[in-house]
Amino acid sequence: MAGEERIRVVIVGGGTAGWMTAAALATLAPGAAEVHLIESAEIGIVGVGEATLPHLRAFVTRLGIDEAAFMAATHATFKLGIEFRDFGAIGDAYIHPFGSYGRALDGVGFHHYWLRRHHAGTVPPIGDYSTAVAAAAALRFTRPGADPHDLANAYGYAYQFDATLFGPFLRSHAEARGAKRTEGRVVSVERDGESGDIAAVTLADGTRIAGDLFIDCSGFRALLIGGTLDEAWEDWSHWLPCDRAVAAPCASPEGGIEPYTRATAMAAGWRWRIPLTHRIGNGYVYASEYLSEGAATDALVAAMENPPLAEPRHLRFRAGRRRRSWVGNVVSIGLASGFLEPLESTSIYLVQMAITQLIEHFPAARVCAADRDGFNTLVDAEYDRLRDFLILHYHATMRDDSPFWDHVRTMTIPDSLTAAITLWRQTGQVARYTHGLFLEPSWIAVYLGQNIVPEGWDPRADLPDGASLDRALAALRGGIAGAVAAMPDHAAYLGATA
Ligand SMILES: Cc1cc2nc3c(=O)[nH]c(=O)nc-3n(C[C@H](O)[C@H](O)[C@H](O)COP(=O)(O)OP(=O)(O)OC[C@H]3O[C@@H](n4cnc5c(N)ncnc54)[C@H](O)[C@@H]3O)c2cc1C
């Protein structure tokens, strides 16, 4: 290719992954990439994926998207975290917040002081020291203020939205910035005889679309990375055995709108509840080895607050990922590259992370091995860390009420997770993974929420005398309660900012 020419990027797939990629490249790399997306209405999109992580805000901001317009178009609500019910034991509940607990003192993490007083039996749950937890529980929300040192602002937020509307919203953004779109089904793939790279794809109507770089956003079909290049699949279903979901929306009940997603453990998996402005999204993620489709549907419908507004939809998946996400001139993004499972709403985050890495490693004139390796190394690290975090939710349980929970409670876990749990149990330290999502407060939330309480803590937390430590803890708690009391009701805030 001549140096001055733009790279011809062909994106196969117009789900959330395809349109996020198209919108990002058209906005952030217009001089480097000529973007052409192919999607097939006949095949459709997966159509789930309603809960997100705070990182999506950066995506929305970087692309210059108006947050209020985006939220209105997708019936979005704000999300401060996820409430987990019945995971550690039936009857348990905790919120994994998007934010920190308390405040570090003299360089020692807050949770060490909390642990010291917890063992003395003098503190309330650690969630009382999190603004995000307290606001979520009170169904209140406001955007955090600018001063990051103020504990009242020590939280982030994400969105809960209608997954079928996010792609179309991004489509208009991408097309307005020059992305081309072709409707049609890819039926054949042409490879370069020498390099093995993909040269072009052909649609059912005979249209041939050539490119320099192909982005496989074809969802679970993995048309290019799997179907054509046959990149190996790393299967993680022995650790994450859920492989099916049934999903159905229902009308919102009377009362407020929760600024959080709920995950309730069920006999053979767990059930999501995602409140949007116009309805509730529900789904049961389960392991087919332990539950039939019919029984899962019945259990979901019985647990919903209102009757389904549509016929329940059934989805199949496998936990795992492609060994390499970028092979030759094909970069797989979204479900084509892998899927863990939706327990911590990580899939759209992984799409965003891959797009960010793609832009950082974007080929100058042609694909080079260094870019590809850099991209794949980071994607590996992200997946490995997420995998361990997700397994923790299943493994850290006392539940023995069903064969599913017996299996996950007693299964062999990755060595990296065993080491992380041992470190936590003995010292109260959170293992540091090299890269990736879910920092210390997230691990603390799940460990404590699922009854893994360390025997020890940082000895420096023993320095303050008990009475002054208790006064400091009470002041933090009081400050948070006051800040939350001053926040508007979430539903009212949504109405006011729409
Ligand atoms: C049960 C479940 C719950 C989930 N919940 C969450 C969640 O809460 N949060 C989250 O972040 N993620 C969640 N996800 C994941 C999320 O849905 C996906 O990451 C996201 O929607 C991206 O999907 P995608 O674009 O990769 O695939 P898809 O939406 O499946 O899009 C694939 C695209 O490829 C096109 N295509 C396929 N084959 C061809 C062909 N031959 N020719 C032309 N076009 C083709 C299709 O038409 C479609 O446009 C969930 C997933 C599942 C299964």
Side-chain angles (χ1 to χ4, degrees), residues 10-22 37-56 59 79 82 158-168 170-171 181-189 201-205 207 209 214-228 242-248 261-263 269-274 276 281-286 296 300 312-319 325 332-355 386 437:
V10 177
I11 300 171
V12 177
T16 297
W19 281 116
M20 280 179 75
T21 308
L37 183 144
I38 305 163
E39 65 179 328
S40 161
E42 185 190 323
I43 294 173
I45 63 168
V46 70
V48 280
E50 300 188 324
T52 66
L53 293 175
H55 307 74
L56 193 60
F59 183 84
K79 176 181 172 191
I82 304 179
Y159 314 102
Q160 310 176 113
F161 57 52
D162 186 332
T164 61
L165 300 175
F166 189 41
L170 292 173
R171 175 183 163 186
R181 168 189 179 270
T182 298
E183 161 65 37
R185 188 162 52 86
V186 173
V187 290
S188 67
V189 180
V201 292
T202 304
L203 309 185
D205 68 0
T207 308
I209 299 172
F214 286 79
I215 316 290
D216 188 350
C217 293
S218 64
F220 289 131
R221 284 182 164 75
L223 194 74
L224 306 180
I225 194 87
T228 304
C242 289
D243 60 353
R244 298 276 194 282
V246 50
T261 294
R262 179 175 299 145
W270 62 279
R271 174 166 57 85
W272 78 74
R273 178 189 185 276
I274 303 177
L276 310 184
N282 306 279
Y284 186 175
V285 175
Y286 62 98
L300 175 69
R313 291 189 51 219
H314 299 277
L315 300 118
R316 292 170 171 230
F317 54 87
R318 272 182 307 162
S325 292
S332 57
I333 296 184
L335 298 173
S337 83
F339 184 54
L340 296 181
E341 72 130 278
L343 186 56
E344 282 279 0
S345 329
T346 46
S347 201
I348 294 173
Y349 162 80
L350 287 170
V351 169
Q352 182 181 345
M353 180 275 304
I355 293 169
L386 282 184
L437 192 59

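Indexing begins at 1, ligand by ligand and atom by atom, following the structure's order.
Distances below 4.0 Å separate heavy atoms of Ala17 from the following atoms of ligand 1: 22 (C), 24 (P), 25 (O), 26 (O). Interface of Arg221 with ligand 1, defined as ligand atoms under 4.0 Å from a residue heavy atom, comprises 37 (C), 38 (N). Near Leu223, with a cut-off below 4.0 Å to any heavy atom, the atoms of ligand 1 are 41 (N). Near Gly15, with a cut-off below 4.0 Å to any heavy atom, the atoms of ligand 1 are 25 (O), 29 (O), 31 (O), 33 (C), 49 (O). For ligand 1, the atoms closer than 4.0 angstrom to any heavy atom of Pro342 are 2 (C), 3 (C), 4 (C), 5 (N), 6 (C). Atoms of ligand 1 lying under 4.0 Å from at least one heavy atom of Arg185, given by number and element, are 41 (N), 42 (N), 43 (C). Those atoms of ligand 1 that come under 4.0 Å of a heavy atom in Leu335, given as number and element, are 18 (C), 19 (O), 23 (O), 26 (O), 27 (O). Each of the following atoms of ligand 1 lies closer than 4.0 Å to a heavy atom of Ala51: 7 (C), 8 (O), 9 (N), 10 (C), 11 (O).
Residues Ser345 and Leu53 approach most closely at O-CG, 3.4 Å, considering heavy atoms. Across Tyr284 and Ala296, no two heavy atoms sit closer than the pair CD1-O, 3.5 Å. The two residues Leu37 and Gly13 make their nearest non-hydrogen contact at CD1-O, 3.4 Å. Contact between Glu50 and Gly281 at its shortest, heavy atoms only, is OE1-CA, 3.5 Å.
Summary of contacts: the protein heavy atom closest to atom 51 (C) of ligand 1 is Phe339 CZ, 3.3 Å. Among all protein heavy atoms, the one lying closest to atom 43 (C) of ligand 1 is Gly184 O, 3.3 Å. Of the protein's non-hydrogen atoms, Val186 N, 2.8 Å is the one closest to atom 42 (N) of ligand 1. The protein heavy atom nearest to atom 45 (C) of ligand 1 is Ile43 CD1, 3.9 Å. Taking atom 16 (C) of ligand 1 as the reference point, the nearest protein heavy-atom neighbour is Val48 O, 3.8 Å. Scanning the protein for heavy atoms near atom 12 (N) of ligand 1, the closest one is Ser347 CB, 3.2 Å.
Every side chain to side chain contact (heavy atoms under 4.5 Å, CB included) that Ser188 has, sequence neighbours left out, goes to Thr202. When the side chain to side chain contact (heavy atoms under 4.5 Å, CB included) test is applied to Ser347, the partners found at least two apart in sequence or on another chain are Leu335, Phe339.
Close N/O approach between Ile38 and ligand 1 is not found [any backbone or side-chain N/O within under 3.5 Å]. Taking any N or O of Val46, backbone or side chain, at least one lies under 3.5 Å from an N or O belonging to ligand 1.
Under the 3.5 Å distance criterion, the side-chain polar atoms of Gln352 are matched with a main-chain donor or acceptor of His55. Checking side-chain atoms of Glu341 against main-chain N and O of Leu343 turns up a donor-acceptor pair under 3.5 Å. In this structure, the side chain of Ser40 engages the main chain of Ile43 through a donor-acceptor pair within 3.5 Å. In this structure a side-chain-to-backbone donor-acceptor pair under 3.5 Å is missing from Asp216 to Ala336. Side chain of Glu183 to main chain of Ala41: a donor-acceptor pair is present (N/O by atom type, distance under 3.5 Å, no hydrogens or angles).
Proximity of Glu50 to ligand 1, defined as any heavy-atom pair under 4.0 Å, is confined to the backbone N, CA, C and O atoms. Contacts with ligand 1 closer than 4.0 Å are made by side-chain heavy atoms of Ala245 only, the backbone lying farther away.
Residue Gly167 places no heavy atom under 4.0 Å from ligand 1. Taking a 4.0 Å cut-off on heavy atoms, Cys217 registers as neighbouring ligand 1. The shortest heavy-atom distance from Gly44 to ligand 1 is under 4.0 Å. Residue contact check for ligand 1: Tyr349 places no non-hydrogen atom closer than 4.0 Å to it.
Put simply, the side chain of Arg318 does not reach to within 4.5 Å of the side chain of Asp243, judged on heavy atoms. Counting heavy atoms from C-beta outward, Phe59 and Ile348 have side chains that stay 4.5 Å or more apart. Side-chain atoms of Ile45 and Phe166, non-hydrogen and from C-beta on, never get closer than 4.5 Å to each other.
For atom 44 (N) of ligand 1, the candidate residues are Ser40, Gly18, Gly227, Ala204; the nearest heavy-atom contact is made by Ser40.
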